[in-house]
Undergrad: 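First, the structure itself, so that you have it in front of you.
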Amino acid sequence: MSETGAARARGEWHGETAVCQEATLASSDRGFTALLEMVDICVGIVPAERTLMLRRVSRRIRASLAKLRLPAVVSLQEGVHRVPGRVEAVLSRAMASFDITGFTLPPGEIRHDGVGSLLVLGLCPAASTLSLRDNKIGPKGVERLAGLLSKLGGSVTHLDLRGCDIGNQGLSKLAAVLSRCPALSHLDLADNGIGFEGAASLGAALGECRALRHLDLESNELGSRGADGLASGLSELPELTHINVGFNNIGDHGAEKISWALRHCPELSVLDLAGNEIGARGAGRVAGLLWHRGSLDQLILGYNRLGAEGAGRIAGVLKKCRQLAHLDLRSNKVGHEGASRLAAVLEECPLLAHLNLRNNRLGAKGAGVLAGALQKCATLSHLDLRNNEIGDQGAERIATVMSQCGSLHHLDLGDNWIGSEGAEKLAGGLGDCQHLAYLDLGSNSIGSEGAERLAEVLCKCSSLVSVILKANRIGSQGADMLAQAADRCPLLAHLDLRANGVESGSTVGSKLICVG
């Protein structure tokens with residue numbers, strides 16, 4: 001390697017890769033230029049198939065290229081605003097010599113006037129990944145980005161513009177060049193203020209992106225009209241496997257349009273429609289999709305308003321979903337009636353691993369019927385029943401089947417009105433849960449007596465890694481017993497006893513114990 005002016009670098013060759021271990025620059029312009037000249041010299045004397053990586057580049061660099069963290073991947077660690085003309089010429093020569101396939105910009109470091117600096121990537125024909133996530137480039141930045149995509153379009157497979165404030169106008173500019181990106185497989189446009197007009201522009205352009213597999217539009221403003229416009233293009237995506245339209249307020253009408261279009265996507269495996277004001281009617285339309293696309297792996301419908309009827313409609317088709325591994329129906333007010341309908345068919349999903357029913361007003365009755373079904377779910381590893389008012393009686397029903405849930409790894413029963421009696425019953429079941437690693441009983445009322453019962457069995461829970469017992473009125477005596485028991489648990493690394501009236505000095509042992 002060489003040393004030029006304000007830039008110092010040292011490194012060596014490892015096989016087919018030249019590794020620059022350190023690069024220190026005295027100033028953002030002169031130092032950076034010097035480094036690029038050094039890079040330009042190096043790449044000029046090595047075979048084209050070799051790759052140059054830069055590690056630990058000084059944070060004082062505020063220009064276009066700060067670090068090559070991995071082979072063939074460019075990652076900017078400091079802000080990119082504008083590349084001075086004298087730097088850009090050197091940068092262009094250097095980057096043209098690299099086999100760059102990925103480009104990632106850290107959040108918050110670039111706005112629309114900095115996007116022009118990225119045009120030098122147009123000299124890298126192998127570039128396939130471009131991420132500007134959480135950089136507020138806006139519509140003007142997208143317009144400049146479109147110029148880059150015109151050069152790179154044939155090779156780009158991943159484009160991440162999440163949180164870039166592109167809006168309808170920006171998406172319209174982007175949609176106009178998507179036809180030049182035939183290899184695009186991942187497109188993330190979440191959190192961009194996109195409304196129905198932008199969705200319509202995207203829908204009209206999706207027919208040119210037949211390789212698209214992953215589409216994320218979460219947290220925009222599509223509404224039912226936007227869902228309608230988007231649906232026109234979804235039916236043209238035969239390779240689509242993952243779609244997220246969560247938190248867009250699409251309602252029942254939007255759910256109907258999206259579901260109907262997705263019937264034409266035979267590879268669909270992940271569907272996220274959370275937070276969309278979908279009721280029983282919309283749930284029925286989603287159920288119709290599930291009937292035709294039984295290969296779904298993940299179904300996320302949390303934060304809607306399905307109610308017992310909507311839950312029942314989803315339950316009615318679960319027997320067709322033999323591949324379903326993840327079911328999220330949190331915050332839908334399904335009640336014990338909806339829980340009963342789900343419980344009746346859960347065993348029809350032989351691969352179910354994650355079940356989230358938190359905040360659904362299940363009550364002790366709902367917990368009871370679910371418990372009867374859970375013992376037949378041999379693959380269940382994550383169960384979330386937080387905030388369901390199950391009380392001691394519901395906790396007892398769950399405890400009776402814990403030993404039969406051989407794969408259970410994560411159990412959340414927080415905020416459920418569980419007292420000392422319920423804690424005692426759960427303690428009885430914990431000893432037989434051989435794979436349980438995470439237990440959350442926070443925000444209940446187990447008290448000192450319940451804490452004592454739990455402390456007696458903790459040492460038998462050889463797989464526990466984290467136990468959450470915050471806000472349980474445990475007191476110092478109960479906390480001391482738990483802390484001593486935790487010290488005898490071989491894998492337990494975290495015990496949360498906050499908001500229990502415990503003084504910081506009252507706990508003992510070597511574990512990470514949170515008190516206060």
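For clarity, every value in this text was computed on a predicted model and none was experimentally measured. FYI, side chains are in, hydrogens and waters are out, and symmetry mates aren't considered; it's all heavy atoms of this structure.
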Undergrad: Is any side-chain heavy atom of Leu290 less than 4.5 Å from a side-chain heavy atom of Cys321?
TA: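 The answer is yes, as the side chains (C-beta and beyond) meet within the 4.5 Å cut-off.
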Undergrad: Among Leu411, Val465, Val467, find the one that has a side-chain contact (heavy atoms from CB on, under 4.5 Å) with Leu436.
TA: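 Answer after filtering Leu411, Val465, Val467: Leu411.
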Undergrad: Distance check, rounded to the nearest 0.5 Å: Leu271 atom CG versus Asp297 atom CG?
TA: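 Leu271 CG to Asp297 CG: 11.5 Å, rounded to 0.5 Å.
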Undergrad: Hey, is the main chain of Gly335 close enough, under 3.5 Å, to the side chain of Asn360 for a donor-acceptor pair?
TA: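 A pair under 3.5 Å: no.
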Undergrad: Look only at the side chain of Ser269 and the backbone of Thr241, and say whether a donor-acceptor pair between them is shorter than 3.5 Å.
TA: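 Yes, the answer is positive, given that a donor and an acceptor are paired below the 3.5 Å cut-off.
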Undergrad: Locate the shortest heavy-atom distance separating Leu237 from Leu206; write the atom from each residue and the value.
TA: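 For Leu237 and Leu206, the tightest heavy-atom pair comes out as CD2-O, 3.4 Å.
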Undergrad: side-chain contact (heavy atoms from CB on, under 4.5 Å), that's the test. Do Ser185 and His158 meet it? Break it down for me.
TA: CA-CA 6 Å; Ser185 63; His158 290 62; 3.8 Å; yes
Undergrad: State, yes or no, whether a side-chain contact exists between Leu230 and Asp228 at a heavy-atom distance under 4.5 Å.
TA: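 Not in contact.
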Undergrad: Side chains of Asp188 and Leu217, heavy atoms from C-beta outward: is any pair under 4.5 Å?
TA: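 A side-chain contact is absent here, since even the closest heavy-atom pair is not under 4.5 Å.
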Undergrad: Quick one: pull up CD in Gln434 and NE2 in His409 and give me the separation to the nearest 0.5 Å.
TA: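 One gets 13.5 Å once the value is rounded to the nearest 0.5 Å.
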Undergrad: Quick one: pull up OG in Ser259 and CG in Asp252 and give me the separation to the nearest 0.5 Å.
TA: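 Separation between the atoms: 10.0 Å.
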Undergrad: Could you check whether any side-chain heavy atom of Leu324 comes within less than 4.5 Å of a side-chain heavy atom of Leu299, counting everything from C-beta outward?
TA: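 In contact.
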Undergrad: Would you find a donor on one side and an acceptor on the other, under 3.5 Å apart, between the side chain of Asn416 and the backbone of Gly391?
TA: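 Here the side-chain-to-backbone pair does not exist.
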Undergrad: Under 3.5 Å, side chain of Asn500 to main-chain N/O of Asn472, donor-acceptor pair present?
TA: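 Judged by distance alone, yes, a pair lies under 3.5 Å.
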Undergrad: Using a 4.5 Å cut-off on heavy atoms from C-beta on, say whether the side chain of Leu482 contacts that of Leu469.
TA: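 Leu469 reaches Leu482 side chain to side chain.
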Undergrad: Looking only at heavy atoms, what is the nearest atom pair of Gly406 and His435, with distance?
TA: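 Of all heavy-atom pairs spanning Gly406 and His435, the closest is O-CD2, 2.6 Å.
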Undergrad: Quick one: CD1 on Ile398 to CG on Leu374, what's the gap to the nearest 0.5 Å?
TA: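 If I round to the nearest 0.5 Å, the distance is 6.0 Å.
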Undergrad: Indicate yes or no: does Glu267 engage Arg213 in a salt bridge with an N to O separation below 4.0 Å.
TA: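 Arg213 and Glu267: not salt-bridged.
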Undergrad: Assess whether side-chain contact (heavy atoms from CB on, under 4.5 Å) is satisfied between Leu289 and Arg263, documenting all intermediate values.
TA: CA-CA 6 Å; Leu289 168 63; Arg263 293 189 183 193; 4.0 Å; yes
Undergrad: Donor-acceptor check, side chain of Ser407 to backbone of Ala378, threshold 3.5 angstrom: yes or no?
TA: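 Judged by distance alone, yes, a pair lies under 3.5 Å.
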Undergrad: Could you check whether the rings of Tyr303 and Phe247 sit parallel, tilted or perpendicular, using 30° and 60° as the cut-offs?
TA: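 If you compare the ring of Tyr303 with that of Phe247, the planes turn out tilted.
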Undergrad: Pick out which of His186, Arg162, His242 makes a side-chain hydrogen bond (donor to acceptor under 3.5 Å, both in side chains) with Asp216.
TA: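 Result: among His186, Arg162, His242, Arg162 is the only option passing the side-chain hydrogen bond (donor to acceptor under 3.5 Å, both in side chains) with Asp216.
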Undergrad: For the SG atom of Cys405 and the NZ atom of Lys376, what is their distance to the nearest 0.5 Å?
TA: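 Here the interatomic distance stands at 12.5 Å.
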Undergrad: Verify, without hydrogens or angle tests, whether Asn332 (side chain) and Gly307 (backbone) share a donor-acceptor contact under 3.5 angstrom.
TA: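 No.
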Undergrad: Could Glu239 and Arg210 be called an ion pair, given the rule that one side-chain N must be under 4.0 Å from one carboxylate O?
TA: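 Salt bridge between Glu239 and Arg210, a charged N being under 4.0 Å from a carboxylate O: no.
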Undergrad: Where the side chain of Ser340 meets the backbone of His336, is there a donor-acceptor pair that is under 3.5 Å apart?
TA: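 Present.
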Undergrad: Check the pair His253, Ser224 against side chain to side chain donor-acceptor pair (under 3.5 Å), reporting the backbone distance first and the verdict last.
TA: CA-CA 6 Å; His253 176 78; Ser224 61; 5.4 Å; no
Undergrad: Are any non-hydrogen side-chain atoms of Asp272 and Ile243 less than 4.5 angstrom apart?
TA: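 When only atoms from C-beta onward are counted, Ile243 and Asp272 do not touch, as no gap falls below 4.5 Å.
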Undergrad: Which atom names give the shortest non-hydrogen contact between Gly254 and Ala227, and what distance separates them?
TA: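 The pair with the smallest heavy-atom distance is CA-CB, 3.6 Å.
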Undergrad: For Asn387, is there any backbone N or O sitting under 3.5 Å from a side-chain donor or acceptor partner on Asp415?
TA: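 The answer is no, because no donor-acceptor pair under 3.5 Å joins these two groups.
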Undergrad: How far apart are the closest heavy atoms of Asn388 and Leu357, and which atoms are they?
TA: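 Nearest pair, atom of Asn388 first, then Leu357: ND2-O, 3.0 Å.
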Undergrad: Are Glu277 and Arg305 ion-paired here, with the side-chain N under 4.0 Å from a carboxylate O?
TA: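 Yes, charged N to carboxylate O under 4.0 Å.
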Undergrad: Would you say Gln375's side chain and Gly372's backbone share a donor-acceptor pair under 3.5 angstrom?
TA: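 Flag set: sc Gln375 to bb Gly372 pair under 3.5 Å.
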Undergrad: Take Leu439 and Asp412, measure what side-chain contact (heavy atoms from CB on, under 4.5 Å) needs, and give me the verdict at the end.
TA: CA-CA 6 Å; Leu439 175 65; Asp412 191 340; over 6 Å; no
Undergrad: Tell me whether the count of non-hydrogen atoms from other residues, nucleotides or ligands lying under 6.0 Å of CZ in Arg361 goes above 12.
TA: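 No, CZ of Arg361 has 12 or fewer neighbouring heavy atoms, counting only those of other groups under 6.0 Å.
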Undergrad: Any salt bridge between Asp384 and Arg330, counting N to O under 4.0 Å?
TA: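 Looking at Arg330 together with Asp384, the answer is no, because their closest N to O distance does not fall below 4.0 Å.
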Undergrad: Return yes if some donor-acceptor pair links the side-chain N/O of Asn192 with the main-chain N/O of Leu161 below 3.5 Å, else return no.
TA: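 Yes: the side chain of Asn192 pairs with the backbone of Leu161.
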Undergrad: Decide yes or no on side-chain contact (heavy atoms from CB on, under 4.5 Å) for Leu318 and Leu327, but give the supporting numbers first.
TA: CA-CA 10 Å; Leu318 285 184; Leu327 179 60; 4.2 Å; yes
Undergrad: Do the side chains of Val369 and Leu362 get nearer than 4.5 Å, heavy atoms only?
TA: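 The answer is no; the side chains never approach within 4.5 Å.
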Undergrad: Closer than 4.0 angstrom, basic N to acidic O: yes or no for Lys425 and Glu421?
TA: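 Salt bridge between Lys425 and Glu421, a charged N being under 4.0 Å from a carboxylate O: no.
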Undergrad: Roughly how far, to the nearest 0.5 Å, is CD of Glu396 from CD of Glu424?
TA: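 It comes to 10.0 Å.
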Undergrad: Do you know which two heavy atoms are closest between Arg133 and Asp160, and how far apart they sit?
TA: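 Scanning both residues, the minimum pair turns out to be NE-OD2, 2.8 Å.
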Undergrad: The test is side chain to side chain donor-acceptor pair (under 3.5 Å); show your working for Ser219 and Asp191 and say whether it passes.
TA: CA-CA 5 Å; Ser219 300; Asp191 191 19; 5.7 Å; no
Undergrad: Please determine if Glu348 and Lys319 form a salt bridge, counting it only when a charged side-chain N lies under 4.0 Å from a carboxylate O.
TA: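 Salt bridge absent between Glu348 and Lys319.
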Undergrad: Please name the pair of heavy atoms, one in Ala204 and one in Ser232, separated by the smallest distance, quoted to 0.1 Å.
TA: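 Closest approach of Ala204 to Ser232, heavy atoms only: N-OG, 4.5 Å.
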Undergrad: Would you mind reporting whether Leu352 and Leu346 have side-chain heavy atoms less than 4.5 Å apart?
TA: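 Result yes, sub-4.5 Å side-chain heavy-atom pair found.
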